[in-house]
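Keep in mind that the numbers below use all heavy atoms, side chains included, and drop hydrogens, waters and symmetry copies. Everything numeric here is computed off the predicted structure, so don't read it as measured data. Just follow the structure's listing: the first ligand is 1, and inside any ligand the first atom is 1.
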Amino acid sequence: MSQHLFLPLVMLAMCPTPGAFPDSGKVTELREDCGRPEPSARILGGSDAQPRSWPWQVSLHQGGGHVCGGSLIAPSWVLSAAHCFVTNGTLEPAAEWSVLLGMHSQDGPSDSAHLRAVAAILVPENYSSVELGADLALLRLASPARLGPAVRPVCLPRATHRFAPGTACWATGWGDVQEADPLPPPWVLQEVELRLLGEATCQCLYSRPGPFNLTFQLLPGMLCAGYPEGRRDTCQGDSGGPLVCEEGGRWFQAGITSFGFGCGRRNRPGVFTAVAPYETWIRDRVMGSEPGPAFPNQTQEPQLGPREPREENCTIALPECGKALQPGAWPWAVQVTVPGFRPCHGSLVSESWLLAPASCFLHSGTSDSGPSDLDAWRVLLPSQPHAERVARLVLHENASRDDAADLALLRLRAPVNLSAALRPVCLAHPEHYFLPGSRCRLARWGRAETAPGPSTQLEAELLSSWWCHCLYGRQGAPVPLAGDPPLVLCPAYREEEEAGRCWNNSGWTLVCREKGTWFLAGIRGFSGSCLRPRVFAPLQTHGPWISHVTRGAYLEDQLAWDWGPEGEITEPQTCPPHTEHGACGLRPEAAPTGVLWPWLAEIHVAGDRVCTGILVAPGWILAATHCILRPGSATVPYIEVYLGRAGASSVPQGHQVSRLVISIRLPRHLGLRPPLALLELSFRVEPSPSALPICLHPGGIPPGASCWVLGWKDPQDRVPVAAPVSILTPRLCHCLYQGILPPGTLCVLYAEGQDDRCEVTSAPPLLCQTEGGSWVLMGLAVRGSQELFAAISPEETWISQTVGEAHFLPPSGLPYWFPESGDLCPPDLAGASGFPGAAALFLLLLTPLIQGW
Ligand SMILES: *[C@@H]1O[C@H](CO)[C@@H](O)[C@H](O)[C@H]1NC(C)=O
Ligand SMILES: *[C@@H]1O[C@H](CO)[C@@H](O)[C@H](O)[C@H]1NC(C)=O
Ligand SMILES: *[C@@H]1O[C@H](CO)[C@@H](O)[C@H](O)[C@H]1NC(C)=O
Ligand SMILES: *[C@@H]1O[C@H](CO)[C@@H](O)[C@H](O)[C@H]1NC(C)=O
Ligand SMILES: *[C@@H]1O[C@H](CO)[C@@H](O)[C@H](O)[C@H]1NC(C)=O
Ligand SMILES: *[C@@H]1O[C@H](CO)[C@@H](O)[C@H](O)[C@H]1NC(C)=O
Ligand SMILES: *[C@@H]1O[C@H](CO)[C@@H](O)[C@H](O)[C@H]1NC(C)=O
Ligand SMILES: *[C@@H]1O[C@H](CO)[C@@H](O)[C@H](O)[C@H]1NC(C)=O
């Protein structure tokens, strides 16, 4: 998890080597001076440097491209970082390296640019890795540099030199302009103003868990520069380059760019090698060179600012994005109006950029070169009285091919001033892991017509990655691990008042909250029809594209780190078998909602008794006829069904689902009253972790399965209990209950002491978890019995014809209904009426008992 954040700032992607550089040239006289560039205008912020403003900056090339920066400290010496040259504990040969001096743009040679071979590379003996310090190196050039206005050495500080915290200094380099975003052509040297941070302040920031819950211990010889709020920083490719501070008209090199945690992240300033402590080391190495580096005396007292805060008292920067006064009043909600079309809803992602669906703008008038009528477009921002203008439209390159890339960025003519009523939403880095149970809401997106009613106010809870992928993904599909980019995001909404209504998915984005900060987590889902089941495409995979285009969108670090059990899962998981109607029989290990048996229903019959029911399809419950219909009564009673309950009180009310029963269906049986009844619900129950159909077993007993009787200990409080059982072989069952069993009855044996867990009047079900992980229904208790169950499989045809969407799994396992023959019964069992006392028959059992429930 951590390795891709804890990065030395060497170049990962290289720029091409520029054309030929003159390698010769006579050595001009060294001026007495160091650290004095020609006066020039300087641009503030991370931006192009003016030519000749940093004449000591060099580019170190290896294998044909820029890898690191460095600084000229004497005609024949360059200072850089050790980690540029040490790979896996071994110093790379000097001959592989060359030094480019007097460069401004990597694009091509200029008059002053020239190349020098490297004669020797020196690194401290005890350098091992960047986070252990001593990250500096000296390069001796094969021949002295050609000094001039564009090539001059920088001054080095003496060991006693003090740079005051708060001093504004400058870092320069050709490194990435953002994380994983290389400097674009023509590769002009970049400069950024950074403020020195005191050791205590910096340690205080790094002691607070940041990305990936990482903290870091600064060591002597390290120096921090940057800002608690981040955003301006050095990045990959800047390593070895100088951090310079001006004093009395000279530039002193205070630091060498070493490493960072990401680039420009909040509370994670850049870490530099402090140069002053290495005065002696440098002097010893360059001894004898004439002229050597200059170490001018510090002429002015360091201006020590206000007393440095102590470790426990530093100002931690808080996220600047994603704060809303109340859910629904989103300060980033914008509307773009294109003449002739309905307004398109999008989100503010920075001071200058909006994100919206590309499909809003993919119409005539939009060509590859951009729409011609941008002048006429208008943007309405929250709390702003006047519409803003659009300066630029950037469509995602895959926008028209891929629903999950239906994205466009629009740049405003002028940046907005952020305020509490107008601020961007946070975006996530690709590795962001939205925790199961995260609180989410909906926000408008695109041109959806229908108003959502109460939907935006409905709080949703993010499902665990296993539920989300297995509910909507394919059977056998691998479940992404925590921290890998997810394929889908699924929020579980509480059942809505207007259940049965269907809202269009594409008109909404999913915003999720972490520690009070809202992230734009997902965009339009894959299901084209209804809002339910709700699946959103994760936006985080587009984070790099958005930050590349906008150079300033608020990509915020993960703020919540309690990954729970899911974060510890390192073995890939796959989804249990599905049927043609989708997922069935998934059971959460520990659902955030507390519902452990999503298919277990309470059937309240005419307000007078409660029976167990099992959800077998979105609109159908299977129950025992004898519990639902009292003997002799011909009228259909008033029946209510509740799902998503786990006892009278332990589950949040919002996860409960209730339905009326509109019809009761019984199979045609000659003579006897059929044992199983199907109850048709007033409307469908959408799949969710608190209401999901079970799988049905089509006959036989699943091999290797563990089986349970699931019921209530007490019909009053209805806390579900499961008693482990073994299903007896048909032969054993037949022998034990000879003569009294209706055909198609299953017999079970309880684990010791478990036989009184469930009461029987509510007709508890018998179910098994198959080897594939799915839960299957085997049967329902016959009247008054604890051990005998009316099997589902003989009624497969009737159930399939009545329900249509019943989740029958493909046949597997031993056939159950082989011919009965009393002759096969062991003599001492034949005709035995009760079961207990048959422990010796364990060998004949088909399914083993589970111990340790
Ligand atoms: C690093 O060195 C170790 C042992 O010295 C070796 O096993 C490993 O393969 C090396 N790794 C690389 C990337 O060269
Ligand atoms: C390296 O050695 C020097 C001198 O022996 C010492 O001052 C310094 O702390 C050491 N650095 C590391 C990273 O061990
Ligand atoms: C620098 O300071 C040292 C003592 O702090 C002094 O001996 C030396 O003469 C000074 N050099 C210059 C050039 O002022
Ligand atoms: C923290 O620092 C602020 C000023 O920077 C000061 O007012 C406050 O008293 C300090 N708190 C503690 C606990 O030191
Ligand atoms: C567009 O799709 C192609 C092919 O799937 C992919 O390689 C490319 O990275 C996508 N572009 C972006 C910006 O995601
Ligand atoms: C932003 O604030 C500055 C200074 O307060 C003001 O001059 C400028 O007009 C404001 N810009 C907008 C777009 O409101
Ligand atoms: C959802 O929106 C799409 C595109 O606007 C439309 O084709 C589809 O019919 C809508 N579906 C529903 C159920 O409204
Ligand atoms: C984060 O790190 C701290 C200290 O290193 C540790 O106590 C805490 O348990 C970690 N939190 C998580 C969620 O890993």
Query - Partner set under side-chain hydrogen bond (donor to acceptor under 3.5 Å, both in side chains) for Ser352, not counting sequence neighbours - result: none
Report summary line: Distance col, row Ile523:CD1 vs Trp445:CH2, nearest 0.5 angstrom, shows 6.0 Å
**Report entry** Sub-4.0 Å heavy-atom environment of ligand 5, residues by chain
**Finding:** His396, Glu397, Asn398
Query raised in the report: Does anything in residues 508-522 pair up under salt bridge (Lys or Arg N to Asp or Glu O under 4.0 Å), and if so which pairs, sequence neighbours excluded?
Result: none
Query raised in the report: Do you know which two heavy atoms are closest between Cys321 and Glu556, and how far apart they sit?
Result: SG-CB, 4.1 Å
Requested in this report: List for me each residue that meets side-chain hydrogen bond (donor to acceptor under 3.5 Å, both in side chains) alongside Gln540, sequence neighbours excluded, and say none if there are none.
Outcome: none
Report task. Determine whether the side chains of Trp54 and Glu191 contain a donor N or O and an acceptor N or O closer than 3.5 Å. Result -> yes
